Amino acid sequence: MTSTTGNGIPRRRSWSGPAVFGAGFRPFFLLAGLWAAIAMALWLAMVAGYLTLPTVFDRVTWHGHEMLFGFVQAAIAGFLLTAVPNWTGRMPIRGWSLAALAGLFLAGRIAVACSSLIGPVAAAIDLAFPLTLLAALAREIVAGRNWRNLPILSVVALLAVANGMTHLDALGWAATGPLGLRFGIAVVVVLITLVGGRVVPSFTRNWLAKRDALRLPALVGRFDAAAIGVTVVALGIWAFAPNSSAMAPAMALAAAMMLIRLVRWRGYLTGAEPLVWILHVGFLWLPIGFGLLAATSFFSTVPPSAPLHSLTGGAMTTMILAVSTRAILGHTGRALHASRWTTALYGLAIVSAAARVGAGFMPDAYTGLLAFAGAAWLLAFGLYVAIYGPMMLLPRPSAPSDAGSDARSDARSDARSDARSDARSDD
């Protein structure tokens, strides 16, 4: 059974199978949370000397690979599989097709973990997921003639390229492993810069407007476009020429412009709602990471791990938790409000990132801080799976709530923001 929009475009097809395969966010946000916890537990066991995986990657590279191309990529898949039907007006990918995508993702995790046993086949299995996802999403956008959002699929394509670089290095075919990880991180940071620049001020404006606030976030404009441009250039230099003399000034300028954007979004007025302020905290990790990257060129006391984990354990992780928890609540018909337990998992994620960044500055306390950061991470994602796992596994509640109107308000506000941005770009 299919429902339609007001103009007759099909939007949904009934699905009578497991609820977890009823929408793209369900399996992939769940897999992201589960793999974040499992991969971290495996990594801590490897660091402690209790475990050795039969993988072609050394343990540090395996950790970075599985966090980026496992945890983060699963979250991106959940976001895109949910967003694309809204962009195109077409029916979402669901049912057994969605289950097959989830199966490819899981197969990739197993293949990488056992890659020393199966050789190049592991790379083929691992890359099958992003390439299949890319083809499926491109088909939907092209069929829906939603050309405006087609470029965002480049994120999936570029992540596949970056992933391929790490596999080439692991197989001894090309020395592209470090470049692949830097490039992959840069791609995700650009995505956060672009999407975060839309949703953070939009959702903040909605929340403040409902409380009749006199000061609202600044509208997206030319300064934001300039900041994004500087960010892309800085990341390009870091990814492809990290030892260039231009890296530090580009990173410093990008950090300053990001901070200005963040102040203009007035997150300091949202302390009463964790579901909103966590978006600002997530974005704040970007200028911290960029500032630390700039500092590495001038101060030998700044360890390379500090900016790296600011961008990954800080920005990526916090933004994934912020966006996914909000999306799950809205799409399952619940009120857009963070419970105490959700606030606790946010706090644990922030503490974990801060401890991991700080560990590099304190060699004497490094082992203890690493263990503390790992424990806080496991608790954060344990809570995430415990709270939000049932929401993704079970059908949407039939009882009405304010979530539907809140979610529609967010969508309308985002659409108006996009329209204003388009209008200004046409001037």
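A quick note: this is a predicted structure, and the numbers were derived from the prediction, not measured.
Here R59 contributes atom CZ and L42 contributes atom CG; the two are 13.5 Å apart, rounded to the nearest 0.5 Å. A distance of 9.5 Å separates CD1 in I76 from CD1 in I152, rounded to the nearest 0.5 Å. Put simply, CG on D58 and CE on M46 are 8.5 Å apart, with the number rounded to the nearest 0.5 Å. Residue L321 holds its CG atom at 13.5 Å from CE of M316, rounded to the nearest 0.5 Å. With rounding to the nearest 0.5 Å, the separation of CG in L208 from CD in E273 is 11.5 Å. Here the SG atom belonging to C114 is positioned 8.0 Å from the CG atom belonging to L53, to the nearest 0.5 angstrom.
A 4.5 Å side-chain heavy-atom check between R356 and S305 finds at least one atom pair inside the cut-off. The shortest side-chain heavy-atom distance between I387 and M391 falls under the 4.5 Å cut-off. Taking 4.5 Å as the limit, some side-chain heavy atom of R109 sits within range of a side-chain heavy atom of D126. Side-chain contact between N206 and V276: absent, with no pair of heavy atoms (C-beta onward) separated by less than 4.5 Å. Looking at heavy atoms from C-beta onward, I328 lies in side-chain contact with Y384 at the 4.5 angstrom threshold. Two residues are said to be in side-chain contact when any heavy atoms from C-beta on lie closer than 4.5 Å; L311 and L293 meet this criterion. At a threshold of 4.5 Å between non-hydrogen side-chain atoms, the residues M67 and V72 do not count as touching. Considering only heavy atoms from C-beta on, P85 stays 4.5 Å or farther from E140 through its side chain.
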Q.
For T325 and I278: C-alpha separation, side-chain torsions, deciding distance, then whether side chain to side chain contact (heavy atoms under 4.5 Å, CB included) applies.
A. CA-CA 11 Å; T325 51; I278 190 62; 5.8 Å; no

Q: Begin from the C-alpha positions of T342 and Y388 and carry the test side chain to side chain donor-acceptor pair (under 3.5 Å) through to its verdict.
A: CA-CA 9 Å; T342 296; Y388 291 92; 2.7 Å; yes

Q.
Determine whether T55 and S115 satisfy the following criterion, side chain to side chain donor-acceptor pair (under 3.5 Å), listing intermediate values before the conclusion.
A. CA-CA 5 Å; T55 175; S115 52; 3.1 Å; yes

Q | side chain to side chain contact (heavy atoms under 4.5 Å, CB included) assessment of I320 paired with F79 | A | CA-CA 9 Å; I320 285 171; F79 168 75; over 6 Å; no

Q: Test F25 against H331 for side chain to side chain contact (heavy atoms under 4.5 Å, CB included), laying out the working first.
A: CA-CA 9 Å; F25 74 91; H331 285 284; 3.6 Å; yes

Q: Check step by step if ring pair (Phe, Tyr, Trp, His ring centres under 6.0 Å) holds for F240 and F183.
A: CA-CA 8 Å; F240 294 97; F183 183 47; 5.5 Å; yes

Q: Verify side chain to side chain contact (heavy atoms under 4.5 Å, CB included) between M251 and V233, making sure each step is shown before the conclusion.
A: CA-CA 9 Å; M251 283 291 174; V233 171; over 6 Å; no

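Not less than 6.0 angstrom separates the ring centroid of F69 from the ring centroid of F105. A distance of 6.0 Å or more separates the ring centres of Y50 and W43. Ring centroids of F203 and H280 are separated by 6.0 Å or more, keeping the two rings apart. Between F372 and Y366, the ring center distance fails the sub-6.0 Å criterion. You'll find the ring centres of W265 and F283 inside the 6.0 Å limit.
Between the side chain of S244 and the main chain of I237, no donor-acceptor pair closer than 3.5 Å is present. For the pair W35 (side chain) and L106 (backbone), a donor-acceptor distance under 3.5 Å is absent. Between the R334 side chain and the G330 main chain, no donor and acceptor come within less than 3.5 Å of each other. The backbone N or O of L348 sits nowhere less than 3.5 Å from a side-chain atom of S352 that would complete a donor-acceptor pair. Side chain of T61 to backbone of F57: no donor-acceptor contact under 3.5 angstrom is found. Using a distance-only test at 3.5 Å, with no hydrogens or angles considered, a donor-acceptor pair links the side chain of S116 to the main chain of P54. T317 contributes no side-chain N or O that, together with a main-chain N or O of G314, makes up a donor-acceptor pair within less than 3.5 Å. Judged by distance alone, with hydrogens and angles left aside, the side-chain atoms of N146 form no donor-acceptor pair with the main-chain N or O of T88 at under 3.5 Å. Between the side chain of R182 and the backbone N or O of A239, at least one donor-acceptor pair lies under 3.5 Å.
The side-chain contact (heavy atoms from CB on, under 4.5 Å) with L68 is formed by just one residue from the set N163, I185, T166; it is I185. When each of F71, F129, F21 is tested with F28 by the rule ring-ring contact (aromatic ring centres under 6.0 Å, His included), just one qualifies, namely F129.
Scanning both residues, P217 and T204, for their nearest heavy atoms gives CG-CG2, 3.7 Å. Among all heavy-atom pairs drawn from T343 and P274, the shortest one is OG1-CG, 3.3 Å. Residues V200 and M319 share a closest heavy-atom pair of CG2-CE, 4.2 Å. In terms of heavy atoms, A162 sits closest to G180 at CB-O, 3.3 Å. When all heavy atoms of A248 and F298 are compared, the closest pair comes out as CB-CE1, 3.6 Å. Nearest approach of V112 to E66, heavy atoms of both residues: CG1-OE2, 3.4 Å.
Heavy atoms from other residues, nucleotides or ligands lying under 6.0 Å from CZ of R340 number 12 at most.
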